[in-house]
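Data block below; observations after.
The analysis underlying the following values was restricted to heavy atoms, covering all of them including side chains, and did not include hydrogens, waters or symmetry mates. For the single chain, residues carry numbers from 1 onward in sequence order. What you see is a predicted model, and the numbers here were worked out from it, not measured in a lab.
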Amino acid sequence: MTQHEQPETCAQCGHPFDPHALVTTADDPSDGGIMLCPVPGCECFSTWGMEGMPTVRVPDRFEIASIREKIQTQD
């Protein structure tokens, strides 16, 4: 990135998009999963998957909170 380019931001939370964590939620990573923001306290959440593939497994709110806590406390 040059000094004049701005990093892409997440449309949901406005934080830089690149460090968002893609977490697989199925046995096969190509089946998709969830995306969470690593900024502490951010509640950003979305799903991701391959076009034409079945709907990804969406964890319940307790599992999402546990995953989010791990992602947001990494050094």
If you look only at pairs with a residue in residues 33-74, which of them pass as a ring-ring contact (aromatic ring centres under 6.0 Å, His included), with sequence neighbours excluded?
none
Between Asp31 and Ala26 the two heavy atoms that sit nearest each other are CB-CB, 3.7 Å
Between Val39 and Cys13, is any pair of side-chain heavy atoms under 4.5 Å apart?
no
Distance, nearest 0.5 Å, that separates CD1 of Ile71 from OG of Ser66
9.5 Å
As an exercise, state the distance from CZ of Arg57 to OG1 of Thr47, rounded to the nearest 0.5 Å.
12.5 Å
If you measure from NE2 on His15 to SG on Cys44, what distance do you get to the nearest 0.5 Å?
9.0 Å
Find out if a path of hydrophobic residues (ILVMFWY) with successive side-chain heavy-atom gaps under 4.5 Å connects Val23 to Met35.
no
A side-chain contact here means heavy atoms from C-beta on lying under 4.5 Å apart; do Glu8 and Pro16 qualify?
no
Just wondering, do Glu43 and Gln12 contact through their side chains at under 4.5 Å, heavy atoms?
no
Ile64 side chain near Leu36 side chain, heavy-atom distance below 4.5 Å
yes
Find out if a path of hydrophobic residues (ILVMFWY) with successive side-chain heavy-atom gaps under 4.5 Å connects Ile67 to Val56.
yes
Of all heavy-atom pairs between Ser30 and Met50, which one has the smallest distance, and what is that distance?
O-CG, 3.0 Å
Evaluate whether atom CG of Asp27 has more than 12 neighbouring non-hydrogen atoms of other residues, nucleotides or ligands under 6.0 angstrom away.
no
Please report the shortest heavy-atom distance between Cys37 and Gln72, naming the atom on each side.
O-NE2, 3.0 Å
Give me the atom names and distance for the closest heavy-atom approach of Ile34 to Pro59.
CG2-CD, 3.7 Å
